[in-house]
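Report on the structure given below.
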Amino acid sequence: MLPSAAFSKLSAIADSTAHCVRSWSLTIGNPLKYPSSRFTAGVHQTHNRFCSTSEAAAEEENKERNPKDRSVKIPVETSIRYLKSRAYQSTYGTEPVWVPYVRNFKGQWAPPKTRKTCIRKDRLVTNNPCPICRDEYLVLHETNVDLLKQFISPHSGDVLDTSKTNLCRRQFDNLMIAVLRARDQGLLTYDVPFRHYEYEHYRPKSERHAAFVVVGGGIAGVSCAEALAVLRPEANVILVSASPLIKAATNVQPLTKYLVQFDVEEQAASELTRRCPTVRVLHDAAVSMRPDGPDGGVLVTASGRRVSYGRLCVCAGARPKPTLTDHPLVLTVRDTESVRALQARVAGARRVLVVGNGGIATELVHKVRAVEVVWVVRHDHISAAFVDAGAAEFLLPAAEEAQAEPAADGADPPKPLLKRMRYTEAPAAAGEAPEGLVGAALGPDWHARWELRGTEAARPLRIEYGCEVARLLPGDDQWPLRAELTNGQVLGADLVVSATGVVPNVEAFTAGNPALRLADDGGILVDEQMRTAVAGVYAAGDVCSAGWAQAKHWFQMRLWTQARQMGTYAGRCMAAHAVGEELLQDFCFEMFSHVTRFFDHKVVLLGLHSGQKLDDGDWEVLLRAVKGKEYVKLVLQHGRVQGAVLVGDTDLEETFENLILDQVDVSHLGDDLLHPHVDIEDYFD
Ligand SMILES: NC(=O)C1=CN([C@@H]2O[C@H](COP(=O)(O)OP(=O)(O)OC[C@H]3O[C@@H](n4cnc5c(N)ncnc54)[C@H](OP(=O)(O)O)[C@@H]3O)[C@@H](O)[C@H]2O)C=CC1
């Protein structure tokens with residue numbers, strides 16, 4: 001006797017589809033194992049197929065058929081009707097056919113791939129066929145849209161993976177073909193994926209356009225491009241870089257709220273594009289600027305390209321000041337190429353004259369070994385561009401020690417480059433790479449990556465104070481070059497290194513643009529939003545001069561830290577102005593802060609550390625120094641700290657940063673402010 005449920009299903013199939021169901025016998029088993037044979041939910045059909053009367057004639061209807069037999073192909077029209085039948089409904093309900101399927105596998109995790117096929121030689125070869133193979137009435141065909149839709153994600157429109165639907169791989173291939181055909185024939189609707197067209201590709205190569213163009217692959221330019229890529233991800237950015245390598249700030253570590261320490265890494269342009277996909281790097285140099293182009297302005301490059309822009313940021317940096325006459329034995333240090341040239345020259349030198357008293361000279365004197373170094377400084381102490389006479393006194397022994405240090409194995413052969421950070425110099429396409437272009441300046445730790453060693457025995461450092469090079473004289477029997485100093489001495493040398501400061505690279509932008517205003521130091525004047533006097537043109541880094549009303553404790557110095565701050569801030573301003581917004585000036589311009597290393601000592605400069613901007617005689621200095629260990633100098637005015645120089649690992653930067661910013665009256669502490677036994681960090685906590 002058949003259960004009543006089985007009867008009702010049988011009649012449902014017969015009623016709804018006019019399909020024939022012949023003879024029946026009760027069977028017990030998994031109702032989802034072979035769905036086509038259990039339209040009757042547990043009733044095994046002797047000829048248990050779901051078929052139309054017309055097709056039935058073609059079949060040997062009364063023959064006993066094995067449920068694993070798949071020799072008879074079900075027409076797709078039958079399958080379409082089947083999906084609408086009550087038989088189907090009662091088997092699957094409203095769920096997709098793959099939902100109730102349970103895959104068999106050993107162990108905890110299912111293998112990533114499903115089986116190749118469930119049917120071989122028209123027979124199911126497994127006891128647990130995949131959701132399509134197990135039900136012969138499910139026919140994958142482009143017209144069987146209701147079935148295909150069950151395998152398409154409603155969220156992404158993609159065909160669901162076999163890891164979800166558990167289809168065997170043959171059925172999955174059939175499914176993909178059916179879906180593609182259905183979409184092709186318009187039977188299956190789908191959303192056309194959004195294509196971001198790079199319209200630049202349709203322009204002639206000699207003409208480019210970007211909403212934002214940044215000139216300069218140094219730290220200011222790269223920081224600016226990065227900020228734009230983050231803030232305006234929908235806009236294209238072109239970075240025009242004369243050097244094939246760009247400079248990126250890495251390992252950025254905030255030491256305090258204002259002091260940030262970072263490395264500068266030379267990277268291939270592709271690395272920047274990988275990080276910021278909207279930024280494209282053009283290896284070229286800007287030669288002129290026309291701010292009145294059709295889309296904003298036009299930048300013309302050395303290779304003749306015209307790059308039109310909506311907004312332009314000039315981060316062209318600066319180049320060494322040409323203090324001494326042009327001479328093949330007078331070198332300057334600015335970019336990687338110049339250090340390489342210096343390295344080669346030092347290798348064969350006996351005496352090197354270093355002229356200048358700033359950052360580069362200080363670092364060079366420390367770095368050049370196994371050759372006699374004569375340091376010509378026009379002040380009465382070393383490193384005057386950065387530190388005061390007291391700090392210089394503190395640093396001097398370290399400078400002299402370094403020079404007196406013998407070569408590692410007597411006369412070491414000059415070592416080549418110690419390490420270069422991922423240098424990949426892409427060969428420039430013909431006509432693309434302008435020859436002899438100046439690359440971006442070196443990073444703050446450039447000297448750590450280069451070995452500058454001669455072949456001489458170690459010599460004590462010789463410093464000529466209070467003088468300059470008056471003129472260069474031709475060489476004699478002993479020296480290829482001689483320099484006459486302003487103190488009357490004439491010194492022979494193999495090489496002169498001139499490190500007397502930098503001049504901003506403005507020429508390409510000033511030519512034909514009388515509106516562009518320059519400061520007294522030759523930099524492009526910018527306002528508090530990094531805008532130049534020319535509409536749509538911004539400037540940042542060494543090329544610009546801060547033309548805004550500066551905060552009391554901030555002043556400009558052409559430093560890596562400021563290049564990064566200005567570049568990022570210029571990018572933020574450009575992004576904001578492009579959508580009609582104004583920004584409040586970044587807080588980093590409230591107080592001067594710089595951290596560097598001189599002669600292996602950490603040097604922190606805060607606020608008005610050398611009494612800059614303070615009236616003469618109206619300020620006092622408080623000092624604490626422990627030879628070889630630390631040097632702390634405070635600049636005070638009316639009992640309030642205005643600036644600080646911290647040499648060595650003092651751990652006082654945060655305390656003094658706060659004292660400068662908050663302008664706390666510390667006069668009641670008197671000299672105890674720097675008393676070694678007073679924990680002022682704790683006192684002001
Ligand atoms: N660790 C760091 O932070 C470093 C920063 N830099 C930066 O890189 C840039 C280039 O460095 P650098 O070239 O050392 O420039 P700097 O501006 O640091 O120093 C230039 C020095 O040269 C002196 N000078 C100028 N003209 C002459 C002259 N005719 N004869 C003799 N001395 C002269 C200057 O004296 P005066 O002050 O009297 O004009 C000053 O002391 C600078 O912007 C610098 O700040 C470089 C290296 C390290």
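When a ligand or atom number is given, it counts from 1 through the structure's own listing order.
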Checklist entry - Can you name the nearest heavy-atom pair linking Gly216 to Leu239, along with the distance? => result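 That would be O-CD1, 3.3 Å.
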Next on the checklist: Please give me the minimum heavy-atom distance between Ala515 and Ala533, naming the atom from each residue.
Outcome noted: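 Shortest heavy-atom separation between Ala515 and Ala533 comes out as O-CB, 3.2 Å.
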Would you say [X] and ligand 1 have an N/O pair spaced under 3.5 Å apart?
{"X": "Gly359", "result": "yes"}
{"X": "Thr596", "result": "yes"}
{"X": "Phe598", "result": "no"}

Checklist entry - If only atom types and distance count, is the side chain of Thr256 paired as donor or acceptor with the main-chain N or O of Glu653 below 3.5 Å? => result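 Pair absent, no side-chain N/O of Thr256 close to backbone of Glu653.
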Next on the checklist: Given 3.5 Å as the limit, does a donor-acceptor pair link the side chain of Gln637 with the main chain of Trp619, or not?
Outcome noted: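 Answer holds: no.
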Next on the checklist: On the six-membered ring of Phe555, is Lys613 placed so that its NZ or CZ lies under 6.0 angstrom from the centre and within 45° of the ring axis?
Outcome noted: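 That pair does not qualify as a cation-pi contact.
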Pick whichever of [options] has a heavy atom sitting closest to [atom].
{"atom": "atom 26 (N) of ligand 1", "options": "Met557, Glu468, Arg378", "result": "Arg378"}
{"atom": "atom 23 (C) of ligand 1", "options": "Val333, Val469, Asn357", "result": "Asn357"}
{"atom": "atom 10 (C) of ligand 1", "options": "Val355, Val502, Thr500", "result": "Val502"}
{"atom": "atom 7 (C) of ligand 1", "options": "Arg558, Arg319, Glu363", "result": "Arg558"}
{"atom": "atom 15 (O) of ligand 1", "options": "Pro322, Gly501, Ser383, Ala361", "result": "Gly501"}

Checklist entry - Got more than 12 heavy atoms from elsewhere within 6.0 Å of CZ, Arg517? => result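 Atom CZ in Arg517 is not crowded, with 12 or fewer foreign heavy atoms closer than 6.0 Å.
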Which atoms of ligand 1 are found less than 4.0 Å from any heavy atom of [X]?
{"X": "Gly356", "answer": "22 (O), 32 (N)"}
{"X": "His594", "answer": "2 (C), 3 (O)"}
{"X": "Thr323", "answer": "28 (C), 29 (N)"}

Checklist entry - Heavy atom of Ala384 under 4.0 Å from ligand 1? => result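 Per 4.0 Å heavy-atom rule, Ala384 does not contact ligand 1.
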Checklist entry - Can a non-hydrogen atom of Arg597 be found less than 4.0 Å from any atom of ligand 1? => result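 Checking ligand 1 against Arg597, which is what was asked, there is no heavy-atom contact under 4.0 Å.
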Item to check | Arg462 and Glu464: CA distance, side-chain angles, deciding distance, salt bridge (Lys or Arg N to Asp or Glu O under 4.0 Å) verdict | outcome: CA-CA 7 Å; Arg462 178 171 160 191; Glu464 294 293 335; 3.1 Å; yes
Next on the checklist: Checking contacts here: is it the side chain or the backbone of Thr362 that comes within 4.0 Å of ligand 1, counting heavy atoms only? Could be both or neither.
Outcome noted: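 Under 4.0 Å from ligand 1, Thr362 contributes no heavy atoms.
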Item to check | Whether His609 and Phe592 hold their rings parallel, tilted or perpendicular, with breakpoints at 30° and 60° | outcome: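 It falls in the tilted class, 30° to 60°.
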Next on the checklist: Which residue is it: Arg275, Arg564, Arg572? I am looking for the one with a salt bridge (charged side-chain N to carboxylate O under 4.0 Å, His left out) to Glu226.
Outcome noted: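 It is Arg275; the other options fail the test.
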